Amino acid sequence: MTEVSAAAPDGRAVTTAVACYGLWGFMPLLFMAMAANGFGAPEILAHRAVWSVLFAGALVLLAGQAMQARRALATPKTVGWLALSTLLIAANWSVYVWATTHHATLEASLGYYINPLLNMAAGAVLFRERIDRWGKIAIALAAIGVLIQTAALGRPPWLSLILAFSFAGYGVIRKRVAADAQTGLFIECLLMLPFGLVLLGWLGAHGQAAGFQSVEQWLWALSSGPATVVPLALFAWSARRLPLSTIGFIQFLAPTLQFACGVWTGEPLTPLRMLSFVFIWAGAGVFALAAWRRSRAARLIAEPI
């Protein structure tokens with residue numbers, strides 16, 4: 001693994017990370033466009049599962065991880081953990097695709113603002129990682145934001161919570177699996193492939209498969225593969241070269257762009273709902289600032305006297 005220097009972050013890695021989170025942030029526009037071209041949420045999910053296998057497999061080959069993939073597939077324990085992570089990421093993808101195609105992108109963005117703070121809480125509970133005062137403040141601000149969002153919606157923000165908890169759980173499981181990001185994603189897509197094929201077959205038999213009606217529709221369907229895999233490749237490359245504090249700042253770009261997509265497409269943003277995001281943004285800001293302070297302190301300690 002490439003060592004991350006205590007010096008200033010690599011400019012190319014920062015650019016790559018921004019590109020990664022930018023693509024994730026604008027992904028709702030792809031799913032919205034597919035919905036406008038006749039794709040339902042189940043079909044989008046099925047195409048995403050099917051076509052991602054090809055691109056994830058190509059990524060594994062380019063990364064020289066074919067042998068690692070074979071070893072992982074031959075290890076029942078690894079496959080078992082990845083089957084569990086597949087269930088969580090499939091649930092995450094399902095809810096996200098449904099949200100972005102049913103005018104609930106704002107609620108989806110809230111989930112990804114919560115996610116880093118939930119990861120911090122999970123680290124404390126599961127891995128006995130220490131949460132400092134700033135971390136507790138960030139979590140408290142996010143919790144207030146969720147409560148206000150509940151009042152604004154008249155119900156708990158279930159989409160946000162499912163997205164945040166499923167992705168946090170996914171991260172915890174992947175932390176335990178002896179497989180790189182590319183290899184793990186390829187095996188997860190491989191496990192989802194039969195379900196995607198069955199779902200596409202069922203939709204086709206009932207005249208509901210828009211992706212096979214024309215070359216243009218097929219290209220829309222195919223686009224879900226690289227849209228899934230390319231950001232991951234960019235993330236895997238940049239995360240190996242950047243301090244976690246830098247990633248901590250940049251990761252909030254994705255939900256911010258998702259929020260902008262929701263507002264741009266006319267989703268309702270009431271004053272009370274806006275207030276909930278103010279608290280969420282404050283929590284995210286405290287989280288990022290605390291990460292920067294820890295990184296700065298670590299660099300000062302590492303510098304020779």
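Fair warning: this is a prediction, and the values are worked out from it, not measured in the lab. Hydrogens, waters and symmetry mates play no part in the numbers below; they use all other heavy atoms, side chains included.
- Within the model, atoms CD of E188 and CG of L84 stand 10.0 Å from one another, a figure rounded to the nearest 0.5 Å.
- The heavy-atom pair separating A138 from G283 by the smallest distance is CB-O, 3.4 Å.
- Judged by distance alone, the side chain of N115 and the main-chain N or O of G111 form no donor-acceptor pair under 3.5 Å.
- Between V79 and A72, the closest heavy-atom pair is CG2-O, 3.4 Å.
- Here the straight-line distance linking atom CG of L234 with atom CH2 of W24 works out to 8.5 Å at 0.5 Å rounding.
- Here the closest non-hydrogen pair linking P226 and P231 is O-CD, 3.7 Å.
- Contact between F277 and L106 at its shortest, heavy atoms only, is CZ-O, 3.3 Å.
- For the residue pair R48 / T228, a side-chain donor-acceptor distance below 3.5 Å is found, with atom types taken as modelled.
- Distance check: R70 CZ to T75 OG1 gives 13.5 Å after rounding to the nearest 0.5 Å.
- Between F31 and H102, the distance from one ring center to the other does not fall under 6.0 angstrom.
- Atoms CD1 and OG1, from I173 and T86 in turn, are 9.5 Å apart once rounded to the nearest 0.5 Å.
- The ring pair (Phe, Tyr, Trp, His ring centres under 6.0 Å) test with F252 is passed by exactly one of F287, W281, Y21, Y112: F287.
- Note on V263 and L272: separate hydrophobic clusters, where clusters join Ile, Leu, Val, Met, Phe, Trp and Tyr whose side-chain heavy atoms are under 4.5 Å apart, directly or indirectly.
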Assess whether side-chain contact (heavy atoms from CB on, under 4.5 Å) is satisfied between F186 and Q65, documenting all intermediate values.
CA-CA 11 Å; F186 170 65; Q65 295 176 355; over 6 Å; no
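- Shown here is W134, whose CH2 atom has no more than 12 heavy atoms of other residues, nucleotides or ligands within 6.0 Å.
- F55 CZ to S52 OG: the interatomic distance, rounded to the nearest 0.5 Å, is 8.5 Å.
- Side chain of R174 to main chain of D180: a donor-acceptor pair is present (N/O by atom type, distance under 3.5 Å, no hydrogens or angles).
- The existence of a salt bridge linking E267 and R273 is excluded, since no basic side-chain nitrogen approaches an acidic carboxylate oxygen closer than 4.0 Å.
- Hydrophobic clustering (ILVMFWY, side-chain heavy atoms < 4.5 Å, transitive): L197 and L203 are in distinct clusters.
- Each side-chain hydrogen bond (donor to acceptor under 3.5 Å, both in side chains) pair with one or both residues in residues 213-224, not counting sequence neighbours, would appear here, but there are none.
- The side-chain contact (heavy atoms from CB on, under 4.5 Å) test with T105 is passed by exactly one of L159, L110, T100, L29: T100.
- Summarising the geometry of V50 relative to L193, their closest heavy-atom pair is CA-CD1, 3.9 Å, with the distance given to 0.1 Å.
- No side-chain donor from either of S109 and Q258 sits under 3.5 Å from a side-chain acceptor of the other.
- Using a distance-only test at 3.5 Å, with no hydrogens or angles considered, no donor-acceptor pair links the side chain of Q182 to the main chain of A63.
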I280 and L141: CA distance, side-chain angles, deciding distance, side-chain contact (heavy atoms from CB on, under 4.5 Å) verdict
CA-CA 6 Å; I280 292 293; L141 288 169; over 6 Å; no
Residue pair I89, M192: steps toward the side-chain contact (heavy atoms from CB on, under 4.5 Å) verdict:
CA-CA 10 Å; I89 201 62; M192 278 190 274; 4.0 Å; yes
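- Without hydrogens or angle criteria, E43 side chain to G211 main chain gives a donor-acceptor distance under 3.5 Å.
- The heavy-atom pair separating L45 from S94 by the smallest distance is CD2-OG, 2.9 Å.
- Going from atom CG of D132 over to atom CD1 of I137 covers 8.5 Å, rounded to the nearest 0.5 Å.
- Linking ILVMFWY side-chain heavy atoms closer than 4.5 Å, directly or via other members, places W98 and F195 in two distinct hydrophobic clusters.
- Y170 and L190 fall within the same hydrophobic cluster, defined by Ile, Leu, Val, Met, Phe, Trp and Tyr side-chain heavy atoms under 4.5 Å apart, directly or through other members.
- Side-chain contact between V146 and S160 is absent, with no heavy-atom pair separated by less than 4.5 Å.
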Determine whether L185 and L59 satisfy the following criterion, side-chain contact (heavy atoms from CB on, under 4.5 Å), listing intermediate values before the conclusion.
CA-CA 10 Å; L185 178 69; L59 187 62; 5.5 Å; no
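- Hydrophobic clustering keeps L289 apart from F279 (ILVMFWY residues linked when any side-chain heavy atoms are closer than 4.5 Å, directly or through intermediates).
- Side-chain N or O atoms of S238 include none that pairs as donor or acceptor with a backbone N or O of V14 at under 3.5 Å.
- Ring pair Y96/W93: centre-to-centre distance not below 6.0 Å.
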